[in-house]
Amino acid sequence: MRLSQTLVPTLKENPGEAQVVSHKLMLRAGMIRQLGAGIYSWLPLGLRVLRKVENIVREEMDRAGAQEVLMPAVQPAELWKESGRWSQYGAELLRFQDRGERDFCFGPTHEEVITDLVRHELRSYKQLPANFYQIQTKFRDEVRPRFGMMRGREFLMKDAYSFDLDQESLDNSYQIMFQAYQAIFRRCGLTFRAVEADTGAIGGSDSHEFHVLAGSGEDEIASCDHCHYAANLEKAVPGPLEEVALTSSGAAMERVETPGIRTIEEVAGFLKVPAHQTVKSLVVETSEGAAILLLRGDHELNEIKASHLLEGEGFHLPDPAAVQKLTGVTVGSLGPVGATLPLIADYALENQTDFVCGANQEGWHLTGVCWGRDLPRPRFADLRNVRAGDRCPRCETGHFSLDRGVEVGHVFKLGDKYTRAMKMTVLNKEGREQTPLMGCYGIGVSRIVAAAIEQNHDDNGIVWPVSLAPFHVEILLVNPKETEAMELAESLYNRLGQANLSTLLDDRRERIGVKFKDADLIGAPLRVVIGGRGIKEGMVEVQSRHDGASQKVEIGAVAEHLIERLQALMAEAVV
RNA sequence: CGGGGUGUAGCGCAGUCUGGUAGCGCAUCGGUUUUGGGAACCGAGGGCCGGAGGUUCGAAUCCUCUCACCCCGACCA
């Protein structure tokens, strides 16, 4: 491709609206342009990368035995009413009507459509297992789109749906997808981690998320430094505490005056006890009522875990005024002793003794509190977020480290949620109708482009992994007016094309400095500089975007040299 | 949805407090000289100052309403 004939509007300055590296660089390299909040156009350069990702995904899905289809983006409301999600799915579902005032939505996901398709077309167990996928534009009316392609409203997604006769077969389909996903992200040159995830409202037994590690990621993931256990913070379970259980001093519970003391830090500081010897009491509420959750002072509540424990919908932490109304005490002095609401305590408090907590009276706390003596032992449960350094629950040897990640893939076992709701059955060996089990598997194709940049850039621009690079090689013509150099560039360009290397020829009438800067932004792995001094010596210069190293190569040998270098880079990437 | 911020040339911004016919840098177009890391000089074009209404002799500037975008939070198959 010739840069002089291609729209690659690079920017010198960072656009004001961009916060994260990938967004800035995608705009600056002329890959995308924003149309509205969370809505973008892909320009030629960006589209080439998007297609690269798409093709890797397609190849691996095909290899894994999935069949590609393409379903409608616009879906009738009837299907969503049938599954029950028309009312469940909130404002994130973009709804509209056609001229006949019939309700439709722009598909944020396609469980209903695929289930509808398959219930008409699959009749026999002999047709299972089956797995269908598509690469489709989705729309989710996110409450807050942000970070460019990382969290857009319109985005490109690969979604796949498997259908199996029984659990064992579903487990197998899931496993196949899990492995295909690993192959996909590996081929994209990404550093990623597969983590156990919360299944969310959709339910089901198993779920894994695939995260690309990056500081700008929106999710926090905990991974064991010893075994393979890794989980989204939402779900990560702490192993047994390593701190020695406190042995009771035998001292009696005591009421102490703590004027104006509210937070755990203030309590610990005022009473000169470590934060882990305090207990914090948090009031939570659902449609079924309120409860008090107890956590060690230095631990943090995991709201997702807590919401799973409580009956009812609409889990939330009431504001301080509401808490006072529910308990009669101000937030800072709340405590479990004599509390009227049901108590649930975190496992970390099971062996706790002599702790400090609120006295349920403004300005007073209790010290030396012990379970069984000063108040009945409450129900214990896992309520907290794990922390870096906590012991792993699986191997009980390793410890957690926490990383931020960008979720680029998610695999679920759905079970019969949709097949049952939408009455999909096939005849089994006995000739009876049986409801198949579903799995669903998503990959954020456009998000991968952003995630790859988050992981592969430097101060000057993008440093593409070979497999995703829009071009393998960029040829920089120092001066297009030099006919000898121009001819040389042309013949090299053609030669590389024949060898199936994609090449960008910067034949613009720009100064070489401009070309260097743009080449850095665009980030092709290899770069050839033709013209100026070298050409008189019969040499051109080959540079690596990755480490900036450059070397002179004889003109006659450049093509072979580049081809070899590229092959080496690709081989390296496969490892 | 709550809180905060910003809308002025293609991009990045100043001007708004204190009302008086709109400016800087980059980019664009023409010319000259340059030519290995975002060139220099000369000249030119480009704005209903997000939109509507109001106050005023006069509004980018003050008031009211509205729209869009960005950030924090809540939310998130």
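Residue numbering restarts at 1 for every chain, and letters A, B, ... go by the order of the sequence lines. What you see below is based on every heavy atom in this structure, not just the backbone, and it leaves out hydrogens, waters and symmetry mates.
- Across the C1' atoms, B/G51 and B/U8 are found 14 Å apart, a figure rounded to whole Å.
- Counting only residues at least two apart or in different chains, side-chain hydrogen bond (donor to acceptor under 3.5 Å, both in side chains) contacts with residues 477-492 of chain A comprise A/R2-A/E490.
- Ring planes of A/Y174 and A/H208: tilted class, angle from 30 to 60°.
- The partner of B/G23 is B/C13, by the rule that a Watson-Crick or G-U pair needs both atom distances under 3.5 Å.
- Nucleotide B/C49 forms no Watson-Crick or G-U wobble pair with any nucleotide shown, as no partner meets the under 3.5 Å limit on both distances.
- Between B/G50 and B/C42, the distance separating the two P atoms is 32 Å to the nearest Å.
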_Using a 4.0 Å heavy-atom cut-off to protein, can you give one letter per nucleotide of nucleotides 70-76 of chain B, 5' to 3': B if the base is in contact, S if only the sugar-phosphate is, - if neither?_
SSBBBBB
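- Figure legend. B/G2 is base-paired to B/C72; pairs are counted as Watson-Crick or G-U wobble with both atom distances under 3.5 Å.
- Residues passing the ring pair (Phe, Tyr, Trp, His ring centres under 6.0 Å) test with A/Y133, sequence neighbours excluded: none.
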*Test log, rule salt bridge (charged side-chain N to carboxylate O under 4.0 Å, His left out), inputs A/D403 and A/R193*: CA-CA 10 Å; A/D403 293 286; A/R193 199 146 293 165; 3.6 Å; yes
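- Applying the side-chain contact (heavy atoms from CB on, under 4.5 Å) rule to A/T330 yields the partners A/Q324, A/S333, A/E362; only residues at least two apart in sequence or on another chain are considered.
- Separating the CG atom of A/N14 from the P atom of B/C13 is a distance of 10 Å, rounded to the nearest angstrom.
- Residues that satisfy the ring pair (Phe, Tyr, Trp, His ring centres under 6.0 Å) test with A/H472, not counting sequence neighbours, are absent from this structure.
- When the C1' atom is used for both B/A44 and B/C63, the distance is 40 Å, rounded to whole Å.
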_Contact state string [nucleotides 25-35 of chain B, B base, S sugar-phosphate only, - no protein heavy atom under 4.0 Å]_ = BSS------BB
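- Residue A/G90 is out of contact with every strand shown, counting any heavy-atom pair closer than 4.0 Å.
- Side-chain to base pairing of A/D518 with B/G38: one donor and one acceptor N or O lie within less than 3.5 Å of each other.
- Per the geometry, CD1 belonging to A/I39 stands 12 Å off C1' belonging to B/A68, to the nearest Å.
- If you measure from atom CG of A/L476 to atom C1' of B/G38, you get 14 Å, rounded to the nearest angstrom.
- Comparing B/A60 with B/G53, their P atoms are spaced 14 Å from each other, to the whole Å.
- In this structure, A/F210 and A/F178 have tilted ring planes: the angle between them lies in the 30° to 60° band.
- A/F106 has its CZ atom 16 Å from the C1' atom of B/A77, to the nearest Å.
- Here the separation of B/A40 from B/A52, taken at their P atoms, is 40 Å to the nearest Å.
- Under the salt bridge (charged side-chain N to carboxylate O under 4.0 Å, His left out) criterion, A/E60 pairs with A/R63, A/R187, sequence neighbours left out.
- B/G45 and B/G23 have their P atoms separated by 13 Å, with the value rounded to a whole Å.
- A heavy atom closer than 4.0 Å to some atom of RNA chain B occurs in no member of residues 73-83 of chain A.
- Remark: C1' of B/A77 and NE2 of A/H410 are 9 Å apart, rounded to the nearest angstrom.
- Residues that satisfy the salt bridge (charged side-chain N to carboxylate O under 4.0 Å, His left out) test with A/D416, not counting sequence neighbours, are A/R420.
- Here the C1' atom of nucleotide B/A77 and the CH2 atom of A/W86 are 16 Å apart, to the nearest Å.
- Across all strands shown, B/C62 forms a Watson-Crick or G-U wobble pair with B/G54, both key distances being under 3.5 Å.
- The residue A/R508 sits apart from the nucleic acid: no heavy atom pair falls under 4.0 Å.
- Listed by chain and number, the residues in a ring pair (Phe, Tyr, Trp, His ring centres under 6.0 Å) with A/F104 amount to none (sequence neighbours excluded).
- Nearest-nucleotide mapping onto RNA chain B: of A/L11 and A/G442, the residue sitting toward the 5' end is A/L11.
- Judged by distance alone, with hydrogens and angles left aside, the side-chain atoms of A/H110 form a donor-acceptor pair with the main-chain N or O of A/P72 at under 3.5 Å.
- Across all strands shown, A/R28 has heavy atoms under 4.0 Å from base atoms, whether or not it also approaches the sugar-phosphate.
- With both pairing distances under 3.5 Å, B/U32 is matched to B/A40 as a Watson-Crick or G-U wobble pair.
- Partners of A/Y89 according to the ring pair (Phe, Tyr, Trp, His ring centres under 6.0 Å) rule, which considers only residues two or more places apart in sequence or in another chain, are A/W80.
- Straight-line distance between the P atoms of B/G47 and B/G54: roughly 26 Å, to the nearest whole Å.
- Between A/F132 and A/Y161, the ring centre distance reaches or exceeds 6.0 Å.
- B/A77 atom P lies 11 Å from atom CD of A/E111, rounded to whole Å.
- Within the 4.0 angstrom heavy-atom criterion, base atoms lie near A/Q543.
- For the salt bridge (charged side-chain N to carboxylate O under 4.0 Å, His left out) test, residues two or more places apart in sequence or in another chain that qualify with A/R508 are A/D506, A/D518.
- Taking atom C1' in both B/C13 and B/G30, the straight-line distance is 27 Å, to the nearest Å.
- The nearest whole Å value for the distance from the CD1 atom in A/I475 to the P atom in B/G36 is 20 Å.
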